[in-house]
Amino acid sequence: MSDAHVVKLSYSVTEAVEATSLGRSTIFELIRSGELESFKFMGRRLIPADALHALINKQRMPQSGRAA
């Protein structure tokens, strides 16, 4: 199986930064505030792929009262 076909279940902070184009400090602030789920596994901070997708999709939703 080539790497192009691997579906990631979670991202490291560095990978989340690369995937979202957000800064490292922004990712950590989102984790601290509870807006972005993360967990530690074997000493590594990981972010579930679905949590990262949910964060981005939440920002894409039109704000109430704003024209789309």
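Among all heavy-atom pairs drawn from A51 and L36, the shortest one is O-CD1, 3.7 Å. Between S38 and P48, the closest heavy-atom pair is CA-CD, 4.2 Å.
V7 and Y11 end up in different hydrophobic clusters when Ile, Leu, Val, Met, Phe, Trp and Tyr side chains are linked at under 4.5 Å. Each of L30 and L46 belongs to its own hydrophobic cluster when Ile, Leu, Val, Met, Phe, Trp and Tyr are linked at side-chain heavy-atom distances under 4.5 angstrom.
A distance of 10.5 Å separates OG of S10 from CD of E37, quoted to the nearest 0.5 Å. How far CD of E15 is from NZ of K8: 3.5 Å, rounded to the nearest 0.5 Å. In this structure, I56 CD1 and L22 CG are separated by 5.5 Å, a value rounded to the nearest 0.5 Å.
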Exercise for the section: Could you give me the CA-CA distance, side-chain angles and deciding distance for I47 and I31, then say whether side-chain contact (heavy atoms from CB on, under 4.5 Å) is met? Expected result: CA-CA 9 Å; I47 300 164; I31 291 169; 4.1 Å; yes

Exercise for the section: Before giving the answer on side-chain contact (heavy atoms from CB on, under 4.5 Å), spell out for T20 and T26 the whole-Å C-alpha distance, their side-chain angles and the decisive distance to 0.1 Å. Expected result: CA-CA 11 Å; T20 62; T26 301; over 6 Å; no

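Residues satisfying the salt bridge (Lys or Arg N to Asp or Glu O under 4.0 Å) test with E29, not counting sequence neighbours, are R32.
Using a 4.5 Å cut-off on side-chain heavy atoms (C-beta onward), I27 and R24 make no contact.
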